[in-house]
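As structure tokens, the structure follows; a few thoughts come after it.
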Amino acid sequence: MNKQTYNGTIDADGTGDYSLTLDSGMGDILFNADVGSNGPLSTLTLYTDLQIGNDITITTTGDQTYRGAIDTDGTDNYSLILDSGTGNVIFSTYVGDNNILSALTINGDLTLDDDVSVITEGEQNYYGTINSGATGEYDLELVGSKIVFHDDVGDSNPIGNLIVHNPIDLYGDVTTKYDQAYYDAIVLYGDTILTGRSLTLAEPTITGHNHDLSLIFSDDTLINGVDLVGIKNLTVGGGGSTRIAGNVVTNGRQTYNDLIQLIDDVVLSGTDILFNQTVDAATTDYGLKIKSDSTTFNRAVGSNTKLADLTVRGTAHIGGDINTTGDQTYYNTVHMFNGDRVLTGNTISLYDDVYSSDSQTYNGLVNLLNDINMKAGDDILFNNSLSGIDKTLMLFADDVTGDLAVNQLFLETNAAGLTGAIGGSSGQSGADKILLLNLIGSGTHFFDGIDLYNTARSIYGYYNFLPYIPETYRKHFCSGLLMLTPECMNMGVSTVSTITLKPDTPVTLVPRSVATQQEQQPKATAAVKQHPYWQPSQSTQQPMVLQPD
């Protein structure tokens, strides 16, 4: 047949449910006026291509089925409104492939019966759901000045792939069998869940209007140079991996259930951030900065490829080992859990206390930037050294190993004690003196092989503070290797020669009352922490001098 042209309106007379089926064979069907605007058809079926020669509205109470393409007649860019009532609009091929529409609006559910592309000069509005037909999972590709999904996509039978080239507004969830790719800005007008096999966000801005966003993909999620603006809570992960580059900012939580790979320097900001899988870098050039009230690492960081650096502002909960080629900085309290924990980096800077139920190991220089408590349920091991000029360190552990250069050291141990250099090794720059050296222990081998370095360093200790220690502590304290109290000396216990004095000069341990005023008092700051057993001594006894062997 030849082309069919309808210059007037087409309506039902209102006395019944009337359907219209048009088939022009090899020709086109041209509508120059509305269909069903005065009397809606029950259904409309076109088996050949449709052209419109005006702004057209097609109204039915049931399905509208378009087996051919939909274009304008080429004289202008016209808009098309499809209103299917309680029925579906069914597309089987492209819309606007040759002569594009100015705009498209679908008032009703859209069903894809084949792969479909829709191209418009202006907006596309979809007020119903979008699903594949019962016979397959079909792809949808959209090009227009703006795309608006006013309802869910894939709520009953997911489409195959979704590709959106222009800005899109989302009022509902989007579910695909396979991939989703967004190449322009996304705006959320409700809590939104994107679900599929993989996700590509190629440098758009996602504006959330304080709504939640969940990205649930089983394979690969790419957040490439994305700024998330106004997202409340972000959840990422459907069993695959997520590659991140750029800034991710939320007003609330961020939860990452996927394996995370940094493909650029990344900054994460939110109220609390949770990593349930490992975090690695694509190369050791990329680092991670986190700004959050609380950050939890339930798995290792940098176990496959080390991060360049790591900065955590807010409480850090560390349930896996952390590896960086550069520095690690923790601005608030660190809680270690899930077994023995190891931090490996160039310099590990601490601004607040560190707690763990098991052992703590530091591979790298530990730099104290405040007065700090470090408490472990097992051992603390400094494999490089610890530096804290003018800082007070309170250590609670079964065994402490490493070089310690701090201004004041308070140490309480329950087993082996301390092995290493008090005040730092001979090649380490640190404080000129340890002002106060307070030692409490209960192990039968309390201190083992302590080196006291640097001729310029004077070490002042509470060697007469035993009356303030419970009897249980006193008994074991006197049986240790380093004896600082006259009480122990009066019991006939002698100091063992495992104390090494370098160079060949004595170290004077003085009671607090005979130290100078400057030396006998810590700095007047509320940051200095106190232990209930560490009370000032009122003794006037003379200093005890330890001579080298």
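For the single chain, residues carry numbers from 1 onward in sequence order. From a predicted model like this one, the values you see are computed outputs, not experimental measurements.
Between the side chain of T361 and the backbone N or O of V342 there is no donor-acceptor pair closer than 3.5 Å. Checked by atom type and distance alone, the side chain of N251 never pairs as donor or acceptor with a backbone atom of K232 at under 3.5 Å.
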Carefully, step by step, assess S359 and D379 under the rule side-chain hydrogen bond (donor to acceptor under 3.5 Å, both in side chains). CA-CA 5 Å; S359 69; D379 303 337; over 6 Å; no
Do T242 and D258 pass the side-chain hydrogen bond (donor to acceptor under 3.5 Å, both in side chains) test, and can you show the C-alpha distance, the side-chain angles, and the key distance before you say yes or no? CA-CA 6 Å; T242 296; D258 274 352; 3.0 Å; yes
Would R253 and T271 count as a side-chain contact (heavy atoms from CB on, under 4.5 Å) if you check the C-alpha gap in whole Å, the side-chain angles of each, and the deciding distance to 0.1 Å? CA-CA 5 Å; R253 300 184 306 275; T271 57; 4.2 Å; yes
Starting from the C-alpha separation in whole Å, work towards a yes-or-no answer on side-chain contact (heavy atoms from CB on, under 4.5 Å) for V301 and S303. CA-CA 6 Å; V301 176; S303 59; over 6 Å; no
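Of the options L162, D173, T192, a side chain to side chain contact (heavy atoms under 4.5 Å, CB included) to F149 is made by L162 and by none of the others. Y256 pairs with exactly one of N276, L274, I273 by the side chain to side chain contact (heavy atoms under 4.5 Å, CB included) rule, that one being I273.
No side-chain donor from either of N332 and D352 sits under 3.5 Å from a side-chain acceptor of the other. A donor-acceptor contact closer than 3.5 angstrom is absent between the side chains of N338 and N298. When only modelled atom types and interatomic distance are considered, T344 and N363 share a side-chain donor-acceptor pair under 3.5 Å. Between the side chains of S294 and D272, not a single donor N or O lies within less than 3.5 Å of an accepting N or O.
Cation-pi check for R197 over Y178 is not met; the charged atom does not lie both under 6.0 angstrom from the ring centroid and within 45 degrees of its normal.
Separating the CG atom in N367 from the CG atom in L365 is a distance of 6.0 Å, to the nearest 0.5 Å. From I193, atom CD1 reaches atom CD1 of I216 across 7.0 Å, with rounding to the nearest 0.5 Å.
Using a 4.0 Å cut-off between a side-chain N of Lys or Arg and a carboxylate O of Asp or Glu, K375 and D353 do not qualify as a salt bridge. Taking 4.0 Å as the cut-off between side-chain N and carboxylate O, D321 and R341 count as a salt-bridged pair.
The heavy-atom pair separating R243 from I263 by the smallest distance is CB-CG2, 4.0 Å. The two residues G302 and N323 have their closest heavy-atom pair at O-CB, 3.4 Å. Pairing each heavy atom of T315 with each of H335, the nearest pair is CG2-CD2, 3.7 Å.
Taking the six-membered ring for Trp and the full ring otherwise, the centers of Y189 and H209 sit less than 6.0 Å from each other.
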